[in-house]
*Asks:* 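The following block contains the structure, expressed as structure tokens.
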Amino acid sequence: MSPTEDFSRFAKIIPEEQLPALANNLKRIPDFRWVIDIPNPEIERLQGDVVSNFPTVFLDERGEARSREFSVLVLNNTCDLPDDGLDFITEAPIVDFNKYLEFERERQFRGKNALDDSEKRRIEDRLLEFGRVLRNNDKTEILYLPPFAEFTHGSLVLLHRVCSVSARLYHDALRQGRRVASFTQTGFYFLLIKFTTHLARAETADVVRRPGA
């Protein structure tokens with residue numbers, strides 16, 4: 001994410017008066033401490049809120065549902081989150097930054113017991129660069145968040161693992177006090193930029209579609 005990026009394409013989303021603060025914060029990258037904070041004390045339900053111990057689900061290669069609890073990022077727009085809003089919310093699981101890198105390290109070395117020292121160093125260097133890319137938020141499908149709540153080493157929001165869950169479970173989680181973080185104002189705009197970059201970025205020139213009728 002370049003701190004010199006042109007924000008004109010977000011003009012209808014980010015109010016003009018907020019652009020200087022956002023630009024100043026982007027200059028602090030890879031310091032993202034300005035992005036997220038304690039739960040907003042004035043508004044109970046916000047897009048981008050983090051809820052702990054919340055169920056997620058995905059389908060494996062056999063089409064079988066696998067479910068477990070994670071801290072999650074609520075993706076729905078704030079206006080959809082009241083009790084009389086949507087029947088389902090969309091959320092993305094959040095994982096510990098260090099644990100994710102350790103998992104990736106184990107995957108890279110799995111079944112490679114005969115590697116010599118130079119090959120091991122190449123893998124370790126790739127992992128080091130991978131961690132830098134993640135921490136800089138240069139990976140479009142993964143959102144890096146700085147330390148907060150239980151994530152003392154930072155965390156990663158897996159935007160490619162989103163799922164839908166009954167809104168009743170979300171409302172129950174709020175009543176049980178499991179809302180643990182909210183985005184700041186400029187952090188929220190960064191979140192929207194990240195969504196756009198992940199889901200609506202320009203396609204490469206080699207993608208040529210059929211013309212419309």
Side-chain angles (χ1 to χ4, degrees), residues 1 7 9-15 18 22 32 34-97 100 137 139-146 148-151 154-203:
M1 180 64 66
F7 298 114
R9 61 195 174 107
F10 301 109
K12 294 185 181 300
I13 300 174
I14 304 174
Q18 294 288 347
L22 177 59
F32 284 97
W34 49 275
V35 166
I36 200 163
D37 204 347
I38 61 173
N40 188 294
E42 298 176 356
I43 307 175
E44 182 189 30
R45 304 173 188 186
L46 289 169
Q47 185 176 28
D49 278 352
V50 176
V51 179
S52 66
N53 304 111
F54 200 77
T56 66
V57 65
F58 73 94
L59 300 180
D60 64 18
E61 63 275 9
R62 296 181 298 275
E64 296 177 357
R66 299 175 62 181
S67 178
R68 59 169 290 191
E69 290 188 346
F70 287 87
S71 289
V72 301
L73 186 78
V74 177
L75 302 183
N76 301 77
N77 192 282
T78 299
C79 66
D80 292 329
L81 296 177
D83 286 346
D84 57 352
L86 301 177
D87 293 331
F88 291 84
I89 68 157
T90 306
E91 42 95 338
I94 303 175
V95 296
D96 180 84
F97 180 81
Y100 187 87
N137 264 314
K139 195 80 170 168
T140 59
E141 71 270 24
I142 297 179
L143 168 64
Y144 169 78
L145 295 177
F148 72 95
E150 65 181 285
F151 300 106
S155 63
L156 300 170
V157 184
L158 308 182
L159 297 175
H160 56 307
R161 292 289 187 92
V162 301
C163 70
S164 296
V165 178
S166 170
R168 180 173 296 180
L169 294 178
Y170 167 66
H171 301 149
D172 289 344
L174 295 183
R175 283 192 289 271
Q176 294 165 10
R178 288 190 273 131
R179 179 187 187 226
V180 297
S182 297
F183 277 70
T184 65
Q185 189 63 63
T186 52
F188 172 67
Y189 295 136
F190 179 78
L191 176 66
L192 295 183
I193 292 171
K194 190 76 177 183
F195 286 170
T196 303
T197 304
H198 174 45
L199 296 173
R201 63 188 181 276
E203 292 183 326

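Quantities reported herein were computed from a predicted structural model and do not represent experimental measurements. The figures that follow rest on heavy atoms only: side chains count, while hydrogens, waters and symmetry mates do not. One is the number of the first residue; the rest follow in order along the sequence.
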*Asks:* Taking all non-hydrogen atoms of both residues into account, name the closest pair between R161 and P93 and its distance.
*Replies:* O-CD, 3.3 Å
*Asks:* If you count every heavy atom of other residues, nucleotides or ligands that lies below 6.0 Å from D87 atom CG, does the total exceed 12?
*Replies:* no
*Asks:* Do L159 and I142 have side-chain heavy atoms sitting under 4.5 Å apart?
*Replies:* no
*Asks:* Which heavy atom of S52 sits nearest to which heavy atom of S71, and what is that distance?
*Replies:* CA-OG, 3.6 Å
*Asks:* Give the minimum heavy-atom separation between R45 and L81, together with the two atoms involved.
*Replies:* NH1-O, 2.9 Å
*Asks:* From Q47 CD over to L73 CG, what is the distance, rounded to the nearest 0.5 angstrom?
*Replies:* 8.5 Å
*Asks:* Can you see which heavy atom on V162 is nearest to which on A92, and at what distance?
*Replies:* CG1-CB, 3.9 Å
*Asks:* Sequence neighbours left out, what pairs pass ring-ring contact (aromatic ring centres under 6.0 Å, His included) with at least one residue falling in residues 160-184?
*Replies:* none
*Asks:* To the nearest 0.5 angstrom, please state how far the OG1 atom of T56 sits from the CZ atom of R68.
*Replies:* 7.5 Å
*Asks:* Between the side chain of R179 and the main-chain N/O of N40, is any donor-acceptor distance below 3.5 Å?
*Replies:* yes
*Asks:* Answer yes or no: is there a side-chain heavy-atom contact under 4.5 Å between Y144 and V35?
*Replies:* no
*Asks:* Under 4.5 Å between any side-chain heavy atoms of P146 and I36, yes or no?
*Replies:* yes
*Asks:* So do I94 and E150 actually touch side chain to side chain, heavy atoms under 4.5 Å?
*Replies:* no
*Asks:* Should the heavy atoms of other residues, nucleotides or ligands under 6.0 Å from CD of E61 be counted, would the total exceed 12?
*Replies:* yes
*Asks:* Return the minimal non-hydrogen interatomic distance between C163 and V165, and the atom names on each side.
*Replies:* SG-CG2, 4.0 Å
*Asks:* Mind checking the NZ-NZ spacing from K194 to K139? Nearest 0.5 Å is all I need.
*Replies:* 10.0 Å
*Asks:* Measuring from L22:CG to T186:OG1, what's the distance to the nearest 0.5 Å?
*Replies:* 6.5 Å
*Asks:* Kindly indicate whether the side chain of V50, heavy atoms from C-beta on, has any atom under 4.5 Å from the side chain of V157.
*Replies:* no
*Asks:* Would you check if the side chain of N76 reaches a backbone N or O of T90 as a donor-acceptor pair within less than 3.5 Å?
*Replies:* yes
*Asks:* Return the CD to CG distance between Q176 and N53, rounded to the nearest 0.5 Å.
*Replies:* 9.5 Å
*Asks:* If every non-hydrogen atom of P39 is compared with every non-hydrogen atom of A181, which pair is closest and at what distance?
*Replies:* CG-N, 3.6 Å
*Asks:* Taking the six-membered ring for Trp and the full ring for Phe, Tyr or His, determine whether the centres of F97 and Y100 are under 6.0 Å apart.
*Replies:* no
*Asks:* How many angstroms lie between OG in S182 and CZ in F148, if you round to the nearest 0.5 Å?
*Replies:* 10.5 Å
*Asks:* Give every residue pair that meets the ring-ring contact (aromatic ring centres under 6.0 Å, His included) criterion with at least one member in residues 34-85, sequence neighbours excluded.
*Replies:* W34-F190
*Asks:* Going by the rule side chain to side chain contact (heavy atoms under 4.5 Å, CB included), which residues pair with D37 if we only count those two or more places apart in sequence or in a different chain?
*Replies:* T184
